[in-house]
Amino acid sequence: MEEIILEDSEMYGPLVTAQYARLHHHHHCRENQCTSVLVKYIKALVHLVWSLVRRFDQPQKYKPFVSRCTVHGHPEIGSLREVNVKSGLPATTSTERLEQLDDDERILGINIIGGDHRLKNYSSILTVHPEMIDGRAGTMVIESFVVDVPQGNTKDETCYFVESLIKCNLKSLACVSERLAAQDITTPIATTF
């Protein structure tokens with residue numbers, strides 16, 4: 001079972017979180033791989049958060065390490081995107097395949113299939129769920145991953161690195177979503193590709 005890391009100091013519905021994680025976030029983890037599950041609570045409506053997350057063609061809207069993304073054709077299951085990574089990370093490009101996009105269940109699944117980085121056999125699942133936060137409607141985002149442990153690194157080192165990237169992305173997703181919510185933008189961001 002993966003370790004669940006809560007991104008906030010206060011835990012909302014840990015039983016519900018565990019149920020969502022068991023339902024949607026199961027990865028087959030081989031001996032030479034590591035896996036983890038991270039949770040972030042966002043003070044913005046679920047449809048607004050999902051409208052950002054589901055944009056396979058525009059991850060740079062909330063992922064701070066992405067400078068550019070190109071998708072050839074209409075984004076659909078099996079589509080590939082070429083992502084340019086900002087300097088400061090041990091990579092410049094990543095090729096990623098859309099494995100799952102479910103607007104009803106709000107599930108996004110992505111596999112990294114190439115690029116000049118060490119994240120081999122990387123697979124992630126991100127789900128978005130309605131959640132009450134401080135008595136108001138908000139969102140719980142769960143992201144899980146599995147990835148090979150590169151030669152010369154330990155499982156702990158690899159998990160720490162990937163978790164740090166995901167935490168940064170989730171923090172940015174929260175900032176962007178909460179800023180849009182504060183601007184009273186209540187309709188989702190354009191979700192047509």
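Hydrogens, waters and symmetry mates play no part in the numbers below; they use all other heavy atoms, side chains included.
Distance CG/L38 to CD1/I142: 10.5 Å, rounded to 0.5 Å. Between the CE atom in M132 and the OH atom in Y41 there is a gap of 13.5 Å [rounded to 0.5 Å]. If you take CZ on F56 and CZ on R97, they are separated by 9.5 Å, rounding to the nearest 0.5 Å. To the nearest 0.5 angstrom, Q100 atom CD is 5.0 Å from I107 atom CD1. L173 CG to T139 OG1: the interatomic distance, rounded to the nearest 0.5 Å, is 8.5 Å. I110 CD1 to E96 CD: the interatomic distance, rounded to the nearest 0.5 Å, is 6.0 Å.
Under the 4.5 Å side-chain contact rule for hydrophobic residues, V53 and I42 share a cluster. Cluster membership for I77 and L126, using ILVMFWY side-chain heavy atoms within less than 4.5 angstrom, is shared. Note: the hydrophobic cluster containing L170 also contains V128 (ILVMFWY, side chain heavy atoms under 4.5 Å, direct or indirect links).
Checked by atom type and distance alone, the side chain of S172 never pairs as donor or acceptor with a backbone atom of C168 at under 3.5 Å. Judged by distance alone, the side chain of S79 and the main-chain N or O of H74 form a donor-acceptor pair under 3.5 Å. Checking side-chain atoms of R55 against main-chain N and O of Q60 turns up no donor-acceptor pair under 3.5 Å. K167 places no side-chain N or O within 3.5 Å of a backbone atom of K40 that could act as its donor or acceptor partner.
At a threshold of 4.5 Å between non-hydrogen side-chain atoms, the residues R81 and P59 count as touching. You'll find the side chain of K61 stays beyond 4.5 Å of the side chain of V176, heavy atoms only. Using a 4.5 Å heavy-atom threshold, the side chains of V85 and H117 count as separate. Counting heavy atoms from C-beta outward, C34 and F145 have side chains that approach closer than 4.5 Å. Counting only heavy atoms from C-beta outward, the side chains of P64 and N169 approach each other to under 4.5 Å. Counting heavy atoms from C-beta outward, P75 and R54 have side chains that stay 4.5 Å or more apart.
Residues V49 and S177 come closest through the heavy atom pair CG2-OG, 3.6 Å. Closest approach of P130 to V46, counting heavy atoms only: N-CG2, 3.8 Å. Heavy atoms only, all atoms of each residue included: V83 and C69 are closest at CG2-SG, 4.3 Å. For the residue pair L165 and F65, the shortest heavy atom distance occurs at CD2-CE1, 3.7 Å.
Side chains of T95 and E82: a donor on one and an acceptor on the other come within 3.5 Å.
With W50 as the partner, the side chain to side chain contact (heavy atoms under 4.5 Å, CB included) test is satisfied by one option alone out of L45, V141, L108: L108.
Judged as a side-chain contact (heavy atoms from CB on, under 4.5 Å), and not counting sequence neighbours, the contacts of D148 are R30, N32, Q33, K120, N121.
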Next item on the list: Given side chain to side chain donor-acceptor pair (under 3.5 Å), test N153 with T158 step by step and report yes or no.
Entry: CA-CA 7 Å; N153 290 96; T158 304; 5.1 Å; no
Check: How far apart are the C-alpha atoms of T127 and E105, what are their side-chain angles, what is the distance that settles it, and do they pass the side chain to side chain contact (heavy atoms under 4.5 Å, CB included) test?
Finding: CA-CA 8 Å; T127 59; E105 296 288 328; over 6 Å; no
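Through direct or indirect side-chain contacts shorter than 4.5 Å among Ile, Leu, Val, Met, Phe, Trp and Tyr, L80 is connected to I113.
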